[in-house]
Amino acid sequence: MGRKNRPRQRAQQNRDGRAEGKRSRDDGWGAGYSEIIKENKLFEHYYTELKIVPEGEFEEFMQAMREPLPATMRITGYKSHAKEILHTLKEKYFKEVQDLEVDGQKIEAPQPLSWYPDELAWHTNLSRKILRKSPLLEKFHQFLVSETESVNKNQWNFVPQHKILDMCAAPGSKTAQLIEMLHSDMDIPFPEGFVIANDVDNKRCYLLVHQAKRLNSPCIMVVNHDASSIPRLYFDQDGKKDILFYDRILCDVPCSGDGTMRKNIDVWKKWTTSNSLQLHGLQIRIAVRGVEQLAVGGRMVYSTCSLNPIEDEAVIAALLEKSEGALELADASADLPGLKYMPGITSWKVMTKEGQWFSDWSEVLKSRHTQIRPTMFPPTDPEKLASMKLERCMRILPHHQNTGGFFVAVLVKKAPMPWNRRYPKVLGNPDLFSSVAVLHIDMKCSVCYSPPPPKKMKLFGFKEDPFVFLTEDDPIFPPVQAFYDLSPDFPKLNVLTRTHEGKKRHLYMVSKELRNVLLNNSERMKVINTGVKIWSRNTDGEQFGCAFRLAQEGVYTLCPYIRARILNISVEDVKVLLTQENPFLSKLGDDAHNQAKKLGMGSIVLRYLPDPKDLNAPQCPIDLCGWRGKTSIRAFVPRNERLHYLRMVGVEVFRDKQGKRNDGSTEIPEGSAEDAEGLSQEADLLEQEGEEMEQNGSESNANGPEPIGSTCDGSAS
């Protein structure tokens with residue numbers, strides 16, 4: 001079989017496999033969970049006794065816990081693109097589903113979440129199961145899968161210079177939001193801040209990589225460490241090596257997850273108080289390690305998806321007590337107006353899984369001292385308890401605004417921890433930080449009673465390829481610089497590859513701040529991934545003067561430095577390029593056609609610039625990677641981005657459940673959404689071939705499959 005057909009065959013096989021997997025998951029979800037009775041008397045007894053729910057509301061609370069979560073959505077992507085997607089959502093999809101009736105339930109118009117900025121988060125009265133399975137909602141569901149994510153967190157506020165650590169980050173939706181905010185100004189390709197996203201599970205780190213890659217940021221690094229002993233990092237500052245302290249830390253710890261019963265129904269039958277008792281020590285250890293690495297003046301958000309004070313207020317009280325005044329709870333109530341929550345509690349008891357209660361550590365039998373620890377109880381000194389201001393913690397109850405259950409506390413570091421002596425400075429205004437509530441369930445057990453001693457770093461999982469920075473005089477640069485007419489301020493030192501020897505297949509770029517971190521900590525931390533791909537080797541390009549073609553992944557990072565090989569296109573040109581395979585130059589509009597005739601063969605940037613007078617067209621710039629052949633042009637854009645841009649320019653992209661094209665409701669340009677999907681899947685698979693070769697140590701194999709090949713006229717294929 002020819003190379004050109006292999007990727008499409010694999011694409012069909014992948015689609016079939018994904019469809020079969022989805023059917024299995026759907027069947028398992030319906031059959032398995034329907035057998036679970038949503039009752040747990042110990043759970044009800046426990047939370048009735050603790051009085052975390054206002055008087056008279058417990059039945060309403062329990063009824064909400066038994067109901068499935070409604071579908072909620074947050075529009076993802078950088079701000080200007082998100083606004084375009086929001087416009088499409090409001091003007092098309094919301095109107096199409098409004099007043100439909102599914103299984104006897106009338107669909108109400110989706111409503112924006114009052115506490116979330118810029119109407120970028122919405123909720124409906126639909127369950128996720130109905131949204132996923134109803135044929136009437138199939139188009140709406142496909143749009144949501146591609147362009148949104150579930151809302152399970154609150155808004156962060158910080159400045160682009162902040163150094164941020166996400167301690168328990170997988171699967172990565174909250175990390176993605178951090179990256180979006182770091183790039184709130186798309187005119188700045190390299191914000192001075194960065195996000196280091198960590199997870200203890202090596203395999204889950206690759207979920208983080210997947211989430212981060214879709215945002216194409218040079219300011220994200222994924223690392224693999226135990227959060228309770230995550231290594232201290234160093235960086236060069238003013239000519240000397242200094243300790244890296246973070247301006248913002250998200251400490252979303254592993255928890256028992258009883259706030260997720262509406263989504264994870266098996267928690268009903270598995271819930272006991274022993275889960276919280278076992279996790280309490282680990283949660284303290286992770287939180288202590290977090291505040292140790294927090295800069296003075298910085299903020300750390302501690303969060304769980306548990307309602308249990310043993311995992312919530314008890315951990316915060318232990319932190320505050322250990323800090324001896326170095327930490328204080330911030331009042332974050334004004335940061336998210338409209339968010340309903342209950343203040344933290346100051347009195348609670350501890351219960352064993354057998355139902356035995358203890359009000360104070362002094363009551364605990366010695367035989368239970370290994371399971372129940374002093375830090376699980378509230379402070380006994382009334383003055384000390386009052387000074388902690390535990391009421392500033394935030395507990396979100398499901399029945400108050402039809403959500404899951406969450407706990408959030410925002411800690412401000414006023415001075416170094418008592419066992420530390422350094423006084424690092426924080427960047428920006430310390431008040432610019434809001435609470436975060438995120439879902440992260442990962443059952444682990446540990447017990448710890450004091451700040452953890454230093455632990456030797458253990459590396460698990462695969463051995464990663466090295467990160468090798470190029471020198472300014474690397475022979476790769478002269479032909480690339482000449483071909484794309486790179487500006488003199490192009491940061492050559494920020495370019496890296498993943499091999500020491502042989503031909504370099506891919507070139508990546510990181511911000512200068514992450515370069516600083518990498519160079520000073522390569523032996524100290526296990527880096528899974530960093531950088532954004534900006535160029536890929538294409539041997540066919542050598543005959544045109546440059547062996548490296550542009551990569552869509554890094555086009556927005558690279559374009560500010562490119563002064564040649566740019567073709568300005570219209571909205572109609574975008575439609576043609578994303579729905580037709582290798583369209584002839586004559587298919588473009590007159591202006592683009594004339595520009596293209598003046599360009600030589602090889603890699604190009606296809607740039608759409610908004611027209612403020614045409615409000616029906618996208619009002620944000622779009623850059624696409626392309627290839628100028630002898631007589632045609634091709635956009636080389638992966639599947640998700642191709643469909644994203646098609647939606648932005650008003651092209652309906654929809655496939656029915658059998659994978660067949662269905663475009664009866666909307667006229668599209670010559671070519672089809674099916675062609676667009678086939679092209680983009682082929683692009684994805686060819687990219688994967690290059691990645692797999694690199695990961696298998698075949699970087700130097702010049703005879704292997706190229707990221708792109710060539711058609712008879714020299715166009716990319």
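Along the sequence shown, residues carry numbers from 1. The figures here come from the full heavy-atom set of this structure, side chains too, leaving out hydrogens, waters and symmetry mates.
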- Task: Tell me, with the steps shown, if Glu44 and Arg66 meet salt bridge (Lys or Arg N to Asp or Glu O under 4.0 Å).
- Result: CA-CA 12 Å; Glu44 294 187 42; Arg66 294 185 181 101; 3.3 Å; yes
- Give the intermediate values and the outcome of side chain to side chain contact (heavy atoms under 4.5 Å, CB included) for residues Gln401 and Ile396. CA-CA 9 Å; Gln401 50 200 352; Ile396 299 166; 3.9 Å; yes
- Message: Set out, in order, the CA-CA distance, both residues' side-chain angles and the distance that settles side chain to side chain donor-acceptor pair (under 3.5 Å) for Asp331 and Ser333, then state yes or no.
- Response: CA-CA 6 Å; Asp331 182 358; Ser333 59; 2.7 Å; yes
- Task: In sequence, state the C-alpha distance, the side-chain angles, and the governing distance for Thr403 and Thr72, and then conclude on side chain to side chain contact (heavy atoms under 4.5 Å, CB included).
- Result: CA-CA 9 Å; Thr403 65; Thr72 57; over 6 Å; no
- Are Met388 and Thr346 close enough, and set up right, to give a side chain to side chain contact (heavy atoms under 4.5 Å, CB included), and what steps lead you there? CA-CA 9 Å; Met388 290 180 175; Thr346 57; over 6 Å; no
- Query: Given the rule in the side chain to side chain contact (heavy atoms under 4.5 Å, CB included) test, do Leu339 and Leu113 qualify, once you have shown the distances and angles that lead to the verdict?
  - Reply: CA-CA 9 Å; Leu339 178 66; Leu113 296 179; over 6 Å; no
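Counting all heavy atoms, side chain and backbone alike, Ala169 lies closest to Asp199 at N-OD1, 3.6 Å. Residues Arg262 and Pro68 share a closest heavy-atom pair of NH2-O, 3.2 Å. Nearest heavy-atom pair, His183 versus Ser217, reported as atom, atom and distance to 0.1 Å: NE2-OG, 2.7 Å. Counting all heavy atoms, side chain and backbone alike, Ala287 lies closest to Met300 at O-CE, 3.7 Å. Closest non-hydrogen pair, Ile230 versus Met167, comes out as CG2-CE, 4.4 Å. The shortest non-hydrogen separation linking Lys322 to Pro418 is O-CG, 3.5 Å.
Atom CG of Asp201 sits about 11.5 Å away from atom SG of Cys168, to the nearest 0.5 Å. Considering CG of Asn520 and CG of Asp236, their distance stands at 4.0 Å, rounded to 0.5 Å. From Ile196, atom CD1 reaches atom CG of Leu244 across 6.0 Å, with rounding to the nearest 0.5 Å. Ile52 contributes atom CD1, which lies 5.0 Å from atom CZ of Phe61 (distance to the nearest 0.5 angstrom). Put simply, CZ on Arg515 and CG on Leu518 are 9.5 Å apart, with the number rounded to the nearest 0.5 Å. Note that the CZ atom of Arg289 and the CZ atom of Arg232 stand 6.0 Å from one another [nearest 0.5 Å].
Under the 4.0 Å criterion applied to side-chain N and carboxylate O atoms, Arg74 and Glu180 are assigned as salt-bridge partners. Ion pairing between a basic and an acidic side chain is recognised when a charged N comes within 4.0 Å of a carboxylate O; Lys384 and Glu321 show such pairing.
The backbone N or O of Ile345 lies less than 3.5 Å from a partner atom in the side chain of Glu313, making a donor-acceptor pair. Side chain of Thr260 to main chain of Lys263: no donor-acceptor pair is present (N/O by atom type, distance under 3.5 Å, no hydrogens or angles). Counting only distance, with no hydrogens or angles, the side chain of Thr530 and the backbone of Ile220 share a donor-acceptor pair below 3.5 Å. Panel note: side chain Trp361, backbone Met376; no donor-acceptor pair is recorded below 3.5 Å. A donor-acceptor contact shorter than 3.5 Å is absent between the side chain of Lys349 and the backbone of Leu50. With hydrogens and angles disregarded, a donor-acceptor distance shorter than 3.5 Å links the side chain of Thr273 to the backbone of Lys353. A donor-acceptor pair is defined here as one N or O able to donate and one able to accept, closer than 3.5 Å; such a pair exists between the side chain of His369 and the backbone of Val364. No donor-acceptor pair under 3.5 Å is formed between the side chain of Asn516 and the backbone N or O of Phe235. In this structure, the side chain of Arg395 engages the main chain of Leu307 through a donor-acceptor pair within 3.5 Å. With hydrogens and angles ignored, the 3.5 Å screen pairs no side-chain donor or acceptor of Gln356 with any backbone N or O of Thr352.
Taking the six-membered ring for Trp and the full ring otherwise, Tyr46 and Phe43 have centroids separated by 6.0 Å or more.
Taking the side chain as every heavy atom from C-beta outward, Met221 and Met525 approach each other to under 4.5 Å. Put simply, the side chain of Pro218 reaches to within 4.5 Å of the side chain of Phe190, judged on heavy atoms. Taking 4.5 Å as the limit, every side-chain heavy atom of Val291 sits out of range of all side-chain heavy atoms of Cys251. Side-chain contact between Asn308 and Phe407: absent, with no pair of heavy atoms (C-beta onward) separated by less than 4.5 Å. With contacts defined as side-chain heavy-atom distances shorter than 4.5 Å, the pair Val253/Leu282 does not qualify. Residues Leu178 and Leu182 fail the side-chain proximity criterion, which asks for heavy atoms closer than 4.5 Å. When side chains are defined from C-beta on, Asn275 does not count as touching Lys270, because their heavy atoms never get closer than 4.5 Å. Contact annotation: the side chain of Pro378 approaches that of Trp348 to within less than 4.5 Å [non-hydrogen atoms, C-beta and beyond].
Within a 6.0 Å sphere centred on CD of Glu354, other residues, nucleotides and ligands contribute more than 12 heavy atoms. Atom NE2 of His210 is surrounded by 12 or fewer heavy atoms from other residues, nucleotides or ligands within 6.0 Å.
When the options Asn40, Asp266, Asp258 are evaluated for a side-chain hydrogen bond (donor to acceptor under 3.5 Å, both in side chains) with Trp271, the one that passes is Asp258. Across Glu59, Glu60, Glu57, a single residue satisfies side-chain hydrogen bond (donor to acceptor under 3.5 Å, both in side chains) together with His399, and that is Glu57. With Phe194 as the partner, the side chain to side chain contact (heavy atoms under 4.5 Å, CB included) test is satisfied by one option alone out of Lys512, His162, Lys163: Lys163.
Side-chain N/O atoms of Gln63 and Glu67 include a donor and acceptor closer than 3.5 Å. In the model, Ser362 has a side-chain atom that pairs as donor or acceptor with a side-chain atom of Asp360 under 3.5 Å. For the residue pair Ser256/Glu311, the side-chain donor-acceptor check at 3.5 Å is satisfied. Checked by atom type, the side-chain pair Asp312/Thr304 shows a donor-acceptor distance below 3.5 Å.
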